[in-house]
Amino acid sequence: MIAIVDYGSGNVAAIADIFKRLKLPHVITRDHAELQAADRYILPGVGAFDTTMHTLKDSGLVGLLNDEVHGQGKKIMGVCVGMQILGDSSDEGVLPGLGWIPGHIRRIDPASIDNSPKLPHMGWNSVRIKGAMPLFDSVDPERGFYFLHSYYFDAKDTESICATVEYGKELPCAVASGNVFGFQFHPEKSHSNGVAVFRNFSQI
Amino acid sequence: MIKYKVCSCCVMDTSDANIIFDSLGVCDHCLAFKQNILPHWHPNEKGAAMFREIVAQIKTAGNGKQFDCIMGMSGGLDSSYLLHLAVTEFGLRPLVFHVDGGWNTDLAVNNIQVLVDKLGLDLYTEVINWNEMRDFQLAFFKSGVPHLDIPQDHAFVATLYHFANKHGIKYILNGGNYSTECVRNPKEWLYYGTDMAQLRDIHGRFGSIPLRTYPFSSVLFHKVYLRYIRGVQVVKPLNLMPYTKENASKVLADTYGWRPYPQKHFESRFTRFYEGYWLPTRFGYDTRRVQYSSLIQTGQMTREEALERLKQPAYDPATIDEDFEYIATKLGISVHELRGYHEMPLKTYKDYKNQEWLFDLGAKTLKVLGIERAVKR
């Protein structure tokens, strides 16, 4: 059972729609018992870093997720700001993140790049997959994913970067550390490639 | 051969093959505006009172819900200004809905972002399957018809309606307005975008992959089922208040740092190419004539100014080669192939299956009932 963590941020319905289409057992929930019963988690998130962290903390789920993900080794996938809060900190706020994948969230700085990109980075973009990442099985990197963001995950350990995207310069867009996965792009908006990522996540 | 003639009041001309002039050289678009729209258009206190009543209904219906209405947001002037008004003037809580067909300009993305950021709203984005969109657009190119923008337009409308239906949203705010679009594009230029017979015929003949996720909406679904069975209302607030292009641009620029587009509909890179270059150079249809004529009717532009502006091409000759390459590459074809579609024999909606009679009947009915007054013809 995959639990889409309904802590009050992110478009949980769009993610659930994909699991429904894939006929994969899933639940949208913030209920502790239901979350404990699940074996995989999706952590969505939209908006600002601090607001998202606040919302997650207020939901009272941080401790539970910590136990399940780190104590029990259950797999979790953060999407967009749900990915960013997996890091330690962000240019966008003052609150600490969950710190599950070491790294700092930086604002894409158009001024530092020759071919200055516009923010936010919104739309389809190809990705470059690094190494063997089972969540990218059957993914066409050229077709890529749908992005909507102005910040990126600057991973401390480059080994944790599983894919990058070119936007002015090469930016990490997928990170992983053990059982924790994070995607800056929106698999739930990325049609066949996104569906592949969710399907793979249900199988690893 | 029809002799070239331009209306003595607006700038519509014989590039609209069905244009009719009266003895004073005034065209039927002008006449339709004066007869059908002007008497029923209330951009004044009367309209404001009507809208206040609607706002109260919207708020009541949305009580206790996260949103009380939904509005489509393209980043263009009309939808941007409507969002500004809805939130700051009327205290509405719209779900801001953006459909990404894959052709947003940087400017549009930026304009959407500055608005939702400063208004503290979330943006809900629905993304069209790019492979299907590309295939559908290519099918239209191959068909040779003028209305190449249908795959984008149809997707925008259909996605919004399906979303409203699925989530039980009863009010759709729409930026449509008489002020900047009281003259409609002639049917020959831009045929009805929801004629499913036409859409399916063109894609059936020229498409190469099935459209599995592309959102379709038949006129029966959104004009009949949604409105009369599900009770979803489409509200056009910009018709119920003073609304001018210049003032709206200024307010948005001053308040949000919103930046204007060189031409209406140029928030999409595809539409910029299509309306700026493709339609005028392949068919002789310049949509600026329609847009400027609307502004002339509503006192926002003089006829002289419009004629002067029309002397310049709608596209930038310095960058058109670059645009050609961008569009071709994005559609996954060569520039040579794209140029081939530009030079192929001209086709019209009549060359493909259509339900024109049904749409004409519907348009006439809506006009008689007073539901829609700016009718395509």
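Note that these values count all heavy atoms, side chains included, but never hydrogens, waters or copies made by symmetry. Just so we're on the same page: letters track the sequence lines, and every chain starts at 1.
If you measure heavy-atom distances from A:Leu148 to chain B, the contacts under 4.5 Å come from the side chain alone. Within the 4.5 angstrom heavy-atom criterion, only side-chain atoms of B:Asn131, from C-beta onward, approach chain A. Proximity to chain A (any heavy atom under 4.5 Å) is shown, for B:Asn129, by both the backbone and the side chain.
Rounded to the nearest 0.5 Å, atoms CH2 (A:Trp124) and NZ (B:Lys330) are 10.0 Å apart. Expressed to the nearest 0.5 Å, how far OG of A:Ser192 lies from CD of B:Glu132 amounts to 9.0 Å. With values rounded to the nearest 0.5 angstrom, B:Ile112 atom CD1 is found 5.0 Å from A:Met122 atom CE.
Other residues, nucleotides and ligands contribute more than 12 heavy atoms inside 6.0 Å of the NE2 atom of A:His104. Other residues, nucleotides and ligands contribute more than 12 heavy atoms inside 6.0 Å of the CD atom of A:Glu170. The environment of A:Lys118 atom NZ is sparse: at most 12 non-hydrogen atoms of other residues, nucleotides or ligands sit within 6.0 angstrom. The number of heavy-atom neighbours closer than 6.0 Å to CD of A:Glu166, taken from other residues, nucleotides and ligands shown, is above 12.
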*Just do the side chain to side chain contact (heavy atoms under 4.5 Å, CB included) check on A:Asn11 and B:Glu126 with the steps written out, would you?*
CA-CA 11 Å; A:Asn11 186 7; B:Glu126 192 79 20; 5.9 Å; no

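Side-chain N or O atoms of B:Asp122 include none that pairs as donor or acceptor with a backbone N or O of A:Val46 at under 3.5 Å.
When each of B:Asp100, B:Ile128, B:Val127 is checked for a side chain to side chain contact (heavy atoms under 4.5 Å, CB included) with A:Lys189, only B:Val127 meets the rule.
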